[in-house]
Amino acid sequence: MTGTVATSPGLLRAELKGPVLHIRLDRPAKRNAINDPLVAALHTAFVNLPAEARAVVLSGEGEHFCAGLDLSELQERDIPEAIVHSRSWHAAFDAIQFGRVPVIAVLHGAVVGGGLEIAAAAHIRVAERSAYYGLPEGTRGIFVGGGGSARIPRLIGTARMADMMLTGRVHDAEEGQRIGVTQYLVDDGAGLAKAFELAERVAANAPLSNFAILHALPRIAEMAPGEGLFVESLMSAIASGDPAAKSRIRDFLAGKAAKVKKS
Ligand code: 1HE
C-alpha cells in the first residue's frame, strides 16, 4: 500500500510507502524549527501509526534537518508553562523512542538543539555529509528540554555533551559518526535511499523481535546486571516462543533463510 497517511499542512507530512511510513518535518522556511503545533503533530503521528507501518523514516524538508526549538515562542513562556512545555516534548519524543516500530532518522544540514534531541530519540541515525550537530542552549541562556540530557550522553558521553553546551562546539558529520551520534554516514542526497534500504530490512524482522529491541534492550541496559539478565531471559523466552521465530528458525535449518555474510 502506498499513499498519504496524515498531514499537518506546513508542519508535518506522512506518507506510507509499503511497510515504511515516511514522516517529514515540513517547515523549511523556518528550518523545521519545532513550535508547539509541530510537537503536537509529531506526538499525534507517532501514537497513531497506521497498522501497515513496520518502520518509520524521519527526515526534514529543505536545507536543514531541524533548527531546534522555535525560539520565537520562548519569549512568551513563564516558568510553570516552560515545565509543561518541556514535558510535552518528552511525551512526543518518548512516542518516537518507545513506539510500536523502529525509527530511522536522516540527518542533513543543521541538527541543532531540539533537532539533535529528536534525532537522539530515533533508533538509527543516517547522516549525510552536510550534517552538523550543535547544542547552542548554553549560548542562548537556556538548557535542553526535549530529553537531550537523558539521551545524548548515552550516545556520545556526558563530557562531549557538556563541551558542546558550554563552548558551543559544533561537530561535523564525520566527527558525529566517529563519536557515536550516527550509525551511518553517506554522501549528500543519499540519506533517504539509505534510510529506506535499512527501514525495509528492519520491517522484515519479526514484530516481536523489533518490539524487544525497542522496549526491552534500552531498559535492560539501564538495569543492574542481575536484574537485567533475568529480564533478558524472560524477553528471550517470549520472543523465541513466538510462531514467527519458530518458522524463521525452521526456514534456516531447511536451508531456506539467508546466511550471515560480510556486507
Ligand atoms: C528560526 C529558528 C529557530 C531559524 N526558532 N526561528 N536553535 C538555534 O539556536 C538555531 C537557530 N537557527 C540557526 O542558527 C540558523 O537559522 C540555521 C543554522 C538553523 C539555519 O541558517 P539559515 O541561514 O539557513 O536560515 P536563517 O536565515 O537563519 O533562518 C531562516 C528563517 O528561519 C528565519 O526566519 P525569517 O522569518 O527571518 O525568514 C529564522 O528566524 C528562522 N529560524 N531557526 C525560530 N530555532 C526543548 S529545548 C530545545 C532547546 C533548543 O532547541 S535551543 C536551540 C535553538
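The analysis underlying the following values was restricted to heavy atoms, covering all of them including side chains, and did not include hydrogens, waters or symmetry mates. Order of appearance sets the numbers: ligands from 1, and atoms from 1 within every ligand.
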[atom] [closest protein heavy-atom partner, distance rounded to 0.1 Å]:
atom	value
atom 7 (N) of ligand 1	Ala67 O, 2.7 Å
atom 27 (O) of ligand 1	Arg31 NH2, 4.1 Å
atom 2 (C) of ligand 1	Ala33 CB, 3.9 Å
atom 21 (O) of ligand 1	His64 NE2, 4.1 Å
atom 50 (C) of ligand 1	Glu137 OE2, 3.3 Å
atom 45 (N) of ligand 1	Leu69 O, 2.8 Å
atom 5 (N) of ligand 1	Leu71 N, 2.9 Å

Give the numbers and elements of all ligand 1 atoms closer than 4.0 Å to a heavy atom of [X].
X	value
Gly146	46 (C)
Asp70	5 (N), 44 (C)
Pro136	8 (C), 9 (O), 53 (C)
Glu117	46 (C), 47 (S), 48 (C)
Gly68	51 (O)
Tyr132	18 (C)
Gly113	50 (C), 51 (O), 53 (C)
Gly114	48 (C), 50 (C), 51 (O)

Tell me whether [atom] lies less than 4.0 Å from at least one protein heavy-atom position.
atom	value
atom 33 (C) of ligand 1	no
atom 18 (C) of ligand 1	yes
atom 25 (O) of ligand 1	yes
atom 36 (O) of ligand 1	yes

Notebook entry, point to check: Just going by heavy-atom distances, which of His90, Arg140, Met165, Lys30 is nearest to atom 14 (O) of ligand 1?
Noted result: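 Among His90, Arg140, Met165, Lys30, the closest heavy atom to atom 14 (O) of ligand 1 comes from Arg140.
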Note to self: Among Gly145, Ala82, Ala29, which one puts a heavy atom closest to atom 47 (S) of ligand 1?
What the structure shows: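 It is Gly145 that holds the nearest heavy atom.
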Check: Is there a side-chain contact between Tyr133 and Asp172 (heavy atoms, below 4.5 Å)?
Finding: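 The answer is no; the side chains never approach within 4.5 Å.
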Margin query: With heavy-atom distances below 4.5 Å as the criterion, would you say the side chains of His64 and Tyr132 are in contact?
Written below: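 Yes. Closest side-chain heavy atoms under 4.5 Å.
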Hydrophobic cluster membership, with links at side-chain heavy-atom distances under 4.5 Å among I/L/V/M/F/W/Y: are [X] and [Y] in one?
X	Y	answer
Val126	Leu21	no
Leu25	Ile104	no
Ile34	Leu116	yes
Met165	Leu71	yes
Val144	Val39	yes

Next item on the list: Could you pull out the closest heavy-atom pair between Ala120 and Leu155, with the gap in Å?
Entry: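 Smallest heavy-atom distance, with atoms named: CB-CD1, 3.9 Å.
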Region of [X] that comes within reach of ligand 1 [heavy atoms, distance under 4.0 Å]:
X	value
Phe65	neither
Glu63	neither
Ile142	side chain

Checklist line | Given Val112, Leu69, Ile142, the one that forms side chain to side chain contact (heavy atoms under 4.5 Å, CB included) with Glu137 | finding: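 Of the listed residues Val112, Leu69, Ile142, the side chain to side chain contact (heavy atoms under 4.5 Å, CB included) partner of Glu137 is Ile142.
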Item checked: Distance in Å, Leu214 CG paired with Asn210 CG, rounded so as to fall on 0.5 Å steps ->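 Spacing of CG (Leu214) from CG (Asn210) equals 7.0 Å.
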Check: Which value, rounded to the nearest 0.5 Å, describes the distance between Leu135 atom CG and Ile156 atom CD1?
Finding: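 It comes to 7.0 Å.
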Margin query: Using a strict threshold of under 4.0 Å (side-chain N to carboxylate O), is an ion pair present between Glu174 and Arg129?
Written below: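 Here Arg129 pairs with Glu174 in a salt bridge, since their nearest N and O are under 4.0 Å apart.
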Notebook entry, point to check: Taking the inter-plane angle between the rings of Phe196 and His22 on a 0 to 90° scale, is it parallel (under 30°), tilted (30 to 60°) or perpendicular (over 60°)?
Noted result: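 The arrangement is perpendicular - the two ring planes meet at more than 60°.
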Notebook entry, point to check: Should the ring pair Phe211 and His215 be called parallel, tilted or perpendicular, given that the plane angle runs from 0 to 90° and is split at 30 and 60?
Noted result: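 Taking His215 first and then Phe211, their aromatic rings lie parallel (interplane angle under 30°).
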